Structure formats: structure tokens, C-alpha cells
*Asks:* 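Okay, handing you the structure first.
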Amino acid sequence: MEYNPRDIEQKWRIWWQENQVYKVLNDSSKPKFYLLNMFPYPSGAGLHVGHPLGYIASDILARYKRLRGYNVLNPMGYDSFGLPAEQYAIQTGQHPAVTTDQNIATFRRQLDNIGFSFDWSREVRTSDPSFYKWTQWIFMRLFEHYYDKTADKALPIKQLVQHFEQKGNAGIQAACDEDTPSFSAADWKALSEKEQQELLLKYRLTFPEESFVNWCPGLGTVLSNDEVKDGVSERGGFPVERKRMKQWAMRITAYADRLLAGLDTVDWPESIKEQQRNWIGRSQGASVRFAVDGHPGAEIEVFTTRLDTIFGATFMVLAPEHDLVAQLTTDAQRAEVEGYVRWAASRSDIERMAETKKVTGAFTGAYAVNPFNDQKIPVYIADYVLAGYGTGAVMAVPSGDQRDWNFAQHFKLPIIPILDAQQNLDEAADPTKEGRYVNSGFINGLSYQEAMPRLIEWLEEKGLGQAKVQYKMRNAVFSRQRYWGEPVPVYWKDGVPCLIEENELPLLLPQVDKYLPTETGEPPLGRAEGWKYRGQYEYELSTMPGWAGSSWYFYRYMDPQNEQAFASPEAIRYWQQVDFYIGGSEHATGHLLYSRFWNHFMHDLGLVPEREYARKLVNQGMIQGRSSFVFRAREHFYEEYVWIKVLQPFFTEFGPIQVPVSKAEEEYKYDFAFESNDLVIEVVSYKQTDKIERIRSAAASDGKRLLVLFNEELADTINEPETTAEKIRRALNSRETFFMSNAQPKAERLFVSHNLTSKYSPESLTKLHVDISLVDNDVLDVARAAQLNQFAGATFKLDADGKFICSSEVEKMSKSKFNVVNPDDMVEQYGADCYRMYEMFLGPIEVAKPWDTKGITGVSGFLRKFWGLFFDEKSGAFNVADDEPTRDELRALHTAIKKVSDDIERFSMNTCVSHFMIATNELRSLKCNKRAVLEPLVVLIAPFAPHVAEELWHRLGHSDSVCAAQWPALNEAHLVTDTVVYPVQINGKLRGNVEVPAGTPAPEVEQMVLAQEFVQRNLGGGAVKKIIVVPGRIVNIVA
RNA sequence: GCGGGAAUGGCGGAAUGGUAGACGCGAUGGUCUCAAACACCAUUGGCUGCAAGGUCGUGCGAGUUCGAGUCUCGCUUCCCGCACCA
């Protein structure tokens, strides 16, 4: 019976659905296993062959764990708020909810094609009010809490208020804005209600603030730092500018230390952890306050990680935006400084990044006093100091810091060595910590380890500074001036943000007439008519960013329909945390950091049991496309063609000459001439009538006879250079003075087979993507290509075999590169089981690898062979015998059980597929059709090829699903063989094999090996120094 | 510049310190076919040899080891991330 995936796959998908085979319950005596895919944004483009990679791998793991006796949660949903749907809405006026639903339907249809074991009754969508109700709810909790550093957790803001009423903010260690003043209980009580609320905003974990943000006019919204790459938006590549705006922010900085420490507790890829560490950017150092000479009130505070170098500080540098710049600048320097400040402000981020090597700056005229040695050092401003990091000021130590060194060189400032180990300070800074200090006051002669504690002690004693930890990470902007996102459950009363009541959730996204900002520049929600809290207060008009819903969605899957809570405590207690999370590494700092932050917060509130929600994380690598390219001839090509293919081969006896073209020539030169003939040749497009006329008259006045060859007529006969040669020969032998074809040429453009292009210069050809569906094995289907617009009126220069060869490259899969492979087509042609297995077979999940549709035939053939094991070759009838299996058959089976089990556990799916192929080939050559072998094999393959497994399982007489079966047990006894073949090495080189009975003791193996003829021959009579016998593995003789 | 990762046939890739190249693609030859496609069989790292075999071979150079693709040190190249972060 023929293996026909189309029939059986369809049948079982319906059966699974009807029998609710993938329904997961929350109460089970079985151990739980929670497996999660990063949910997709449902884009309009649908899935390409690379997208389901992670889903397939995790589906295999899910099915495997289930067969191993676990209750497995393997859900899927959609991150369905987002910019593309809104951009589309702006263009078409369609509500984003409508297009989002359509896109989800496409995704679902594609996913259903592949046979996943998702429990679709648990599907979530972040844009669904029953979901975003809880996103808003968590937001409200954040608003109502502050971070208490003493308790090291979030606490209710009410407790903070109580403290304020009793003691002011003395004795409170809380995460708050930098500019929070100190106040007493009396101060607090003296404040108006509004002032109190404004003060509390400095503590709340989410709060509105005026700040510089990444404003993207092209998208009409602000972007978070991780959505900006190289000064343009990650999505769409629009320019981004710094703009001061009022924004909601999340006080993620309060959790910086915990987010950093938590990384050590999770099994995540090192690169992701490293990226997060980098993003958090913790640096330990000290802050030091410098007095300014002649400005008793002013102090410049700096942050440094190298307090030990402070005696080498020979100047200070402030960011141009630093608050003290105007105050410190002397009148003599004012013009220069103001000029520099203006210039720096005018520079975009892109310019700044592009010119990091150029030293710029200006002297303020002021001098700061180094508190350690009372030295007066000049204060400069320069834009290599960033206003946004630390205090926006640095103490410059040119001997230890390359940027300071560059600056000192440029402005001729002193460079003082501070460690005796510093070298070549006239060439570059030396940041070493080795050696002993010199020129460094009371730390002279000490090492770095000795000096640091003394310096800190001294600093804190004098009250001039203190040890400090600085983070690169900023609080996260949480507003988008957009429509298609979660409304913020806040209204504004007297300029103060207030939460709506909990029982008023969800705050629904209102209808608007257009998805554009209002005329006054308000976000789109400003268009909603009559949208007021209790009819009188303005709602917050910005919406939440994309990462809001994805920061907690993994809990919703546990209990997706709950209306009383984001998930019931029972459900959360049962499922706990995600055991295995899989998704792309591009979310390293966006989703994966913010979601950890929310989870820590929810953990503080006792809402969730674990600090880290995902125990293990795996990044699947991208599947790249294989693009094909064709080469289109440019002007210059035709000239080269005439030279290489016509003049050189056919006309050497006339002495053909390539006339060199001078670049700035006004007068005209011809392309070719002959030494022994007065004929000249010009190669030109027939469309260039002006040029042809000019040449014609030039030729006439030169007394030359002219042959004009049109590019297009050359293209018409491109595969027959003799035709052109014939034209030239006729012209050479004629007496006429002008030759030009009157016939209208047909070809509009010419494409050249890749294997012919090496003869031509790179400028003569343009490389263009061609749709890979027209290409087989790098050979272009010329007949089909000619139908396309891209090749309308085209001629193809074929190679000697009459083929048109394309070049190829591995690139990201994308529509614009014409290299997209659609999983639907793979499933249609080879079946879902085959597609699933091939996707795994390509290589390790974690690494990027190119897709090659050709290779799928290998897996297709395997599945057919596997299927064939169960059927009689001649009659085609299902034919499985109940006979006792042989030892060889059992060994093949148990080898497969062992290898596949081990490899799934270590997430090595590609080798699993190989093991199935090996087992199948072996059983086929053994002609095995024994139930005792084949039935366990069906269970073994079920996670990979669920459809074919289900079909065979039922044919084997079962009426329940193969999903409910038990993973076959490994019996090591079946792996044992009667004899062992020892490879024999002499001095580490393989010389032969010796077969001995299994279990032969090492000394006897030695004797048997030494008795071998090939061993004696290779030893050549020399003495044996030592024999190493590794039992069951190898023998090595040291001679 | 800093950090992380990688480098194995024509290609994707295998290999608890123990026979390098499993498995598959591609290629070559053959069977089937009027033919093509499919399918099936065989060969397939390089050099050398009629053959048995020999010899070289996991980016480069050292080292540890009876034995190194694997471990250590030093380099080269590529990919990813971060980047005037004080």
C-alpha cells in the first residue's frame, strides 16, 4: 500500500480535534511540564518555512514528555497588538482588529497544517479585552507600589504614605527619581493633595514623567531604546530624534540588581544573559564631588570606576548639556562655549556615532579643585561625555583612559603617569591596574587592591563622595502615541493621574474615525468622541507598548478563561513556571528583560511562585533562504562581448583594436577600429539616435567607414556570434561608408548565464534576484521566466550546454529577495510529517542554517521506507507478524530507543532523525515485520511524525491515540553483541581490526591482538613498550 | 575597541578524549522507461597504487596525552551583540 500523506494527515487532524486529544487539564496526578513558544505577532505575510522551526522542535518535546508520563502544557496564542496592523489601518481605514483577525486566521490555517499538539482551547490574544483587562490590572498594581530597598521588594504605596506622615522620607530606602527632595513629616502634611500625589509619582513603579525620548515622526510614536538601531527605527527604518515629552515610564531600574542576579539562576543561553548584563550595565565605582574655584556654591559631581586614578586627573569634562555649563563659563570663554553647545545640540545621534574619533570640545574658563590634592584643573565641555550617563561629567585621567588621552593631546593638557607599570604613555593611554602608584599622594607605593579601600574610606570620611553603583539601564518608556495597544487605565484629574476602579476594567479601546493623531497632535485616542472617565475626566490618551501583554502572557495560558483573576492561584500553583521556553534571540533585551521585570514584581506581590518565570530558554536559529541571481547586461557588456566573442576569435588577421575611451572626452571616439582596414565599429543602443548621428558625422570627417552594431541586435543573436561576425566581415569587404541595421531589434534586455560572466568586467553586468521557483539546481527555467514582467522582451545568453545558470547566495528569507519557501507548499507536496522531520534534520535547532528544498526528498524517501516496513511488498496489504523477533531486530529497536531518547533529552532533533533512518534501513535489510519491534518504533516516531504514527498505531489494532501510549522502555541487554571488533592502533595510527568474543578480559585481548599477522608486520620486529586496551572500544600498541 | 559564539568533504551536518566525515543532499555509473521524472542498486575526503595497501587530512601554530575535531596556550577569519558608559 502506497504511503499517501495527504489522506492520512487530513484524516487524523480531524480525528484529533473531534476527540480532543490535545486538551490539557489543570488537575492531574501526573508531573507537570510547561513548554512555551514565544508567541507570534500575526503579520499579514503569513509563515515562511523558517518560522515553525521552534514550534516543531517544542512540539516534539511536548509529545515526547507526554509519552513519558507528564501532563504537558503546550499552548499557542498571538501577540496581536502592534504597529503593522495600525500602519495598514491608516492606509486602508480598516479597523486593526479586523485585519488582525484575518491574519490570525491565516496563521492558524498554516499552523494546523503542520499537526501541532497545541491545546487551542487555551489560545490567548493580547488584543482581546478579556486578556488586556489583566494587563491593565497589573499596570494598576505597579502604579500602587514602590520599591523598598530595605525590604528588597515592591511594597504598597500606602505604606509609604504612612511613613511620610510619621517621618517624612527620612529613613526610607526607596527607588525614586534622582531629584526627589528630602522632607519631614511636617513638610509632607503641609503639601496639598495634588502636591502629595505629584511627590508620590517619584516613587511609583509606573509613573508619568517629562523626559527625552526617541521620537519617531515617521511612525508617529516614541520608541524604546531597544527599538532603535543605529539612529533609525528597527521597524521601517525611519529617523529617530530626541524629543522632550511626557511619557509613562516603568521603574525597571529599581530591579536592576535583581535582574542581574537572577541571570545566574536560570538555564539560558550565555549570549542572551550577556546581552542582558550589558543592557543593565552595572558598574561599581565611586561618586566624587569637585569644588569649583571661585564658585563656592557649585560642585561638579562625577562618577568613576577608577577612583584609584584620581591623582592623575588633569582636567574635567562636562557634557555640553550639563546644568553648570552656563554658570561656570567665564565671559572670555562664553562665545566659544555657547558656540560649541549649539553645534553639539545640532548634531544627530548618527553624526555623533560616525565621528567618534574626532576630538572636539571647549574650555569653560573655570577650574575645579581635585579634593585629593587640591590641584586646580581646567573644566572643559565636550560631547564625548554623555549627558544621560552618570552625572554627565567626568574627571579626565589621560594616562589611563584613551578618550581622555586623545582629548589631552588635542588640547595640550598634561598627562601624568600614576602607576609604575604604565607604558608608552606618549603613544596611548595605558589602563592597567598592575604595579604600584606614583604621583598619587597617600597611595604612592600601594597596589590597586590596597589603594581602593583607603580611597573610599578617605572619601566618605571627608564627605566628598561615596562608593556607588551606576547602571546604564534607564527606566523604560511605557507610552506609545498609537491606537492599536492597551489603553492605560488612568484618567487625569487636576493634572494628576488617577487609576480607574478595578471593577471598571477592562478599559476598552474606543472607536475612532481615523487612526492618526488629532489636529492638535494628541494621540489617536484623542479622536474618540465623548471618551471621558465618568463623563468628565480626560483619559490617558497614549497606549501601552508592544511588550506589555507579552510580559505576563505565560500565566494566562494556565487559566485562560478566568474572569476573576489573571489566573487562579490553583492553576498557578500547579503549573508554577515555564520549564522550557523557546524563541528567537532578537528578543534578548526587549521581551525577555521586561517580562523578567514584571515577573519579579508579581513575585513580590505574592502573585506568582517563582522569581524567574522561565527555567530554561533555547534560542532557535534562523532558517535562511537560498537566493538565486541572474545577471543583466549593461551598456558596457555589449562592447566587451563584441571584443571577446567576435573580434578576437574571428578577425585577428585584420588587427582589431579596442579604442580606449578617455574619461573627459568631448569629441567622440569609436569603440573599435582595424589596423588593416578603415572600418570603425560603434556598439550602441538603437534608442540613442543622437549619439549615432554624432558618430556618423565624426566618422565622415575622419574619413572612416562606420559599422553601427545595436546592443539589441547583438542580444537577439547573442548565442550565435558568427551572425555578428558575418556582418562585420561583409562591412570589411565592402566599400560602403555606413552600415546599420534597419530592422527593429526584438530584445529589450539581455541576461547572461552565470558561468559565462567571469570573462566580463563587473561593471558590465547587474546582479538581480530571481524568484527561486524558476530555478532548479541553479538552472533557470528560461521558458517560464520569459513569461514574467522581470524578463519581458529579454534574451538569454546560454552556456555551452544550452543552459542558463544562476548564481546563488544564502540570505535572510524575505519576499524582497524572492527566496521565500512556504510551509504550505512543503506540506502539500511531501506531507506535514515529512516537513516536520526535514526541518529538524537540517541541523541543530540553535544555529542558523540555509533551507534547501532539494534535501527534503531524503526524508520523504525515508518515510516511505518506514511505512513500507508494515506492508507486504507484493500484495500491498498491511502485514505485521506476531512472531518472536530476532536478536538483531531487537538490537536495532533498542539502539533506536536509546539514541532517540538521549537525543530528545538533549534537544538534538537532527540526530534523532538520522537514528530513525538507520533503524529503518537496518530493519528493512533484516526484512523485519514483527509487531514486537514495529509497534514500539511507531511510538518512538510519534513525536516527530504524529500523523503516520497515528495511522499505523490504529492499523496495529489500537483504538485510542498513539499520544496516550507509553514511551518504549530501553532494555540494555538487547544492545549486547556476541563479539566485539577492536580497532587496533600502533602508536596512535589505525592499522586494522580484531574481532574477539564479547567480554574477553583485557590481557587475553592483548594476546589475541599481538598474535595478528598485521600487527607483527607493522611492528616490524620492534619491541612493544605498552599496550592500552580500552574495554569494548579500542586497542593501542605503543612500540 | 569590549563581550559572546563559531570554523569538519561540493552542500546541510555526525562524532561521552578512543576507527573523523554517521545520516541526508548533490555528483558519477548502472537498472527500469520509447524518453523524461520517480524509484531502485553501486561508488563518492585528497593524493598514490592493478590490487592488498600506503599516505595526507577537522582554519593556522605550539602543547598535554598511549591516543586530540574534542582539552590547554597563542594566532587568523567569520557571525552575533554592545559601544565615546567614565
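Predicted, not measured: the structure shown is a model, and the values here were computed from it. Protein chains get the first letters and strands the later ones, always in sequence-line order, with residue 1 at the start of each.
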*Asks:* Distance between the C1' atoms of B:C56 and B:G49, in whole angstroms?
*Replies:* 15 Å

*Asks:* When rounded to the nearest Å, what value does the distance between C1' atoms of B:U33 and B:A39 take?
*Replies:* 11 Å

*Asks:* Remember a base hit wins even if backbone is also touched, and classify A:Arg906 as base, sugar-phosphate or nothing at under 4.0 Å, heavy atoms.
*Replies:*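 Result for A:Arg906 = sugar-phosphate.
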
*Asks:* Report the distance from atom CG of A:Asn1018 to atom P of B:A52, rounded to the nearest whole Å.
*Replies:*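 Whole-Å distance recorded here is 16 Å.
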
*Asks:* Would you say A:Arg924 and A:Thr920 are linked by a side-chain donor-acceptor pair, where the criterion is simply a distance under 3.5 Å?
*Replies:* no

*Asks:* In whole angstrom, give the distance that lies between atom CD of A:Glu839 and atom C1' of B:G12.
*Replies:*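 Value for this atom pair: 13 Å.
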
*Asks:* Suppose we screen for salt bridge (Lys or Arg N to Asp or Glu O under 4.0 Å). Which residues come up paired with A:Glu1013, at least two apart in sequence or across chains?
*Replies:* A:Arg1017

*Asks:* Once you round it to whole Å, what is the distance between P of B:A39 and CZ of A:Arg924?
*Replies:*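 Taking CZ of A:Arg924 and P of B:A39, I get 12 Å after rounding.
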
*Asks:* Which atoms of nucleotides 55-60 of chain B (N or O only) lie under 3.5 Å from a protein N or O atom, and what are those distances?
*Replies:*
{"unit_1": "B:U55", "atom_1": "OP2", "unit_2": "A:Arg991", "atom_2": "NH1", "d": "3.2"}
{"unit_1": "B:C56", "atom_1": "OP2", "unit_2": "A:Lys989", "atom_2": "NZ", "d": "3.1"}

*Asks:* Kindly give the atom pairs (protein nitrogen or oxygen, nucleotide nitrogen or oxygen) under 3.5 Å for nucleotides 80-83 of chain B.
*Replies:*
{"unit_1": "B:C82", "atom_1": "O2'", "unit_2": "A:Asn278", "atom_2": "OD1", "d": "3.3"}

*Asks:* With rounding to the closest Å, how many angstrom separate the P atoms on B:U8 and B:U70?
*Replies:* 13 Å

*Asks:* Within the structure provided, determine whether A:Val1024 and A:Val1038 are in side-chain contact (heavy-atom separation under 4.5 Å).
*Replies:* no

*Asks:* Mind checking if A:Arg864 touches a base, just sugar-phosphate, or nothing, with heavy atoms under 4.0 Å?
*Replies:*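 Here A:Arg864 touches the backbone only, sparing every base.
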
*Asks:* Give a yes or no answer on whether the side chain of A:Asn475 reaches the backbone of A:Ile252 with a donor-acceptor pair at less than 3.5 Å.
*Replies:* yes

*Asks:* Does A:Arg403 place a side-chain N or O at less than 4.0 Å from the phosphate oxygens OP1/OP2 of B:C85?
*Replies:*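 Looking at the OP1 and OP2 atoms of B:C85, one of them is under 4.0 Å from a side-chain N or O of A:Arg403.
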
*Asks:* With sequence neighbours left out, write down each residue that passes salt bridge (Lys or Arg N to Asp or Glu O under 4.0 Å) with A:Arg1033, or none if nothing qualifies.
*Replies:* none

*Asks:* Just say parallel, tilted or perpendicular for the rings of A:His591 and A:His587, cut-offs at 30° and 60°.
*Replies:* perpendicular

*Asks:* Are A:Trp851 and A:Tyr838 near enough that their ring centres are under 6.0 Å apart?
*Replies:*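 When the ring centroids of A:Trp851 and A:Tyr838 are compared, they turn out to be within the sub-6.0 Å range.
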
*Asks:* So what does A:Ala848 hit on the nucleic acid, given a heavy-atom distance under 4.0 Å: a base, only sugar-phosphate, or nothing?
*Replies:*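 Sugar-phosphate, backbone atoms only, no base.
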
*Asks:* Under a plain distance cut-off of 3.5 Å, with no hydrogens placed, do A:Asp825 and A:Tyr835 share a side-chain donor-acceptor pair?
*Replies:* no

*Asks:* Determine the Euclidean distance between corresponding P atoms of B:C11 and B:G18; express it in Å to zero decimal places.
*Replies:*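 Looking at atom P only, B:G18 and B:C11 are 26 Å apart.
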
*Asks:* Summarise protein proximity over nucleotides 17-30 of chain B in one line of letters, 5' to 3': B for base, S for sugar-phosphate only, - for none, counting protein heavy atoms closer than 4.0 Å.
*Replies:* -BB--BBSSSS---

*Asks:* Would you kindly compare A:Lys1026 and A:Ser283 by the position of their nearest RNA chain B nucleotide and give the one closer to the 5′ end?
*Replies:* A:Lys1026

*Asks:* Considering only the C1' atoms, how many Å lie between B:G53 and B:A42, rounded to the nearest integer?
*Replies:*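 These two C1' atoms come out 22 Å apart once rounded.
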
*Asks:* How close do A:Met38 and A:Leu617 get, heavy atom to heavy atom, and via which atoms?
*Replies:* CE-CD1, 4.0 Å

*Asks:* Quote, to the nearest angstrom, the C1' distance that separates B:A68 from B:G61.
*Replies:*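 One C1' to the other, the span is 15 Å.
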
*Asks:* Measure CD1/A:Ile1027 against C1'/B:G67 and give the value in whole Å, please.
*Replies:* 15 Å

*Asks:* P atom, B:G69 versus B:G9: distance in rounded Å?
*Replies:*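 Here B:G69 and B:G9 have their P atoms 14 Å from each other.
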
*Asks:* Taking atom C1' in both B:C85 and B:G81, what distance in whole Å separates the two?
*Replies:*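 Those two atoms are separated by 16 Å.
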
*Asks:* Check every strand shown and say whether A:Pro844 touches a base, only sugar-phosphate, or nothing at a heavy-atom separation below 4.0 Å.
*Replies:*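 Contact class for A:Pro844: sugar-phosphate only.
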
*Asks:* Whole angstroms only, please: what is the CG-P distance between A:Leu53 and B:G13?
*Replies:*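 Taking atom P of B:G13 as the reference, CG of A:Leu53 is at 12 Å.
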
*Asks:* With a 4.5 Å cut-off on side-chain heavy atoms, are A:Trp268 and A:Asn619 touching?
*Replies:*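 A:Asn619 vs A:Trp268: side chains apart.
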
*Asks:* Name the stems with RNA chain B in them: runs of three or more consecutive Watson-Crick or G-U pairs, distances under 3.5 Å?
*Replies:* B:1-7 with B:76-82, B:10-12 with B:23-25, B:26-31 with B:39-44, B:45-48 with B:53-56, B:59-63 with B:71-75

*Asks:* Starting at the 5' end of RNA chain B and moving along, which residue's nearest nucleotide shows up first, A:Leu842 or A:Gly281?
*Replies:* A:Leu842

*Asks:* For a 4.5 angstrom cut-off between non-hydrogen side-chain atoms, does A:Phe407 reach A:Pro398?
*Replies:*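 No, their side chains stay 4.5 Å or more apart.
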
*Asks:* We want to know whether A:Glu301 and A:Ser287 form a side-chain donor-acceptor pair, criterion being a heavy-atom distance below 3.5 angstrom.
*Replies:* yes

*Asks:* Provide, to the nearest angstrom, the distance between the CD1 atom belonging to A:Ile845 and the C1' atom belonging to B:G13.
*Replies:*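 Value for this atom pair: 13 Å.
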
*Asks:* Which whole-number value in Å describes the distance from A:Ile280 CD1 to B:C85 P?
*Replies:*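 Spelled out: CD1 on A:Ile280 to P on B:C85 is 19 Å.
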
*Asks:* Can you see which heavy atom on A:Thr305 is nearest to which on A:Ser283, and at what distance?
*Replies:*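 For A:Thr305 versus A:Ser283, the nearest heavy atoms are CG2-CB, 3.8 Å.
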
*Asks:* For A:Asn819 and A:Ser814, indicate whether the former's side chain and the latter's backbone hold a donor-acceptor pair under 3.5 Å.
*Replies:* yes

*Asks:* Within this structure, what is the CD-to-P distance between A:Glu846 and B:G12, rounded to whole angstrom?
*Replies:* 17 Å

*Asks:* Glycosidic conformation of B:G12, syn or anti, with 90° from 0 as the boundary?
*Replies:* anti

*Asks:* Does a side chain donor of either A:Arg991 or A:Gln1012 reach within less than 3.5 Å of an acceptor in the other side chain?
*Replies:* no

*Asks:* With no hydrogens and no angle check, is any side-chain donor or acceptor of A:Tyr982 less than 3.5 Å from a backbone partner on A:Gly1032?
*Replies:*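 Yes; at least one donor-acceptor contact below 3.5 Å.
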
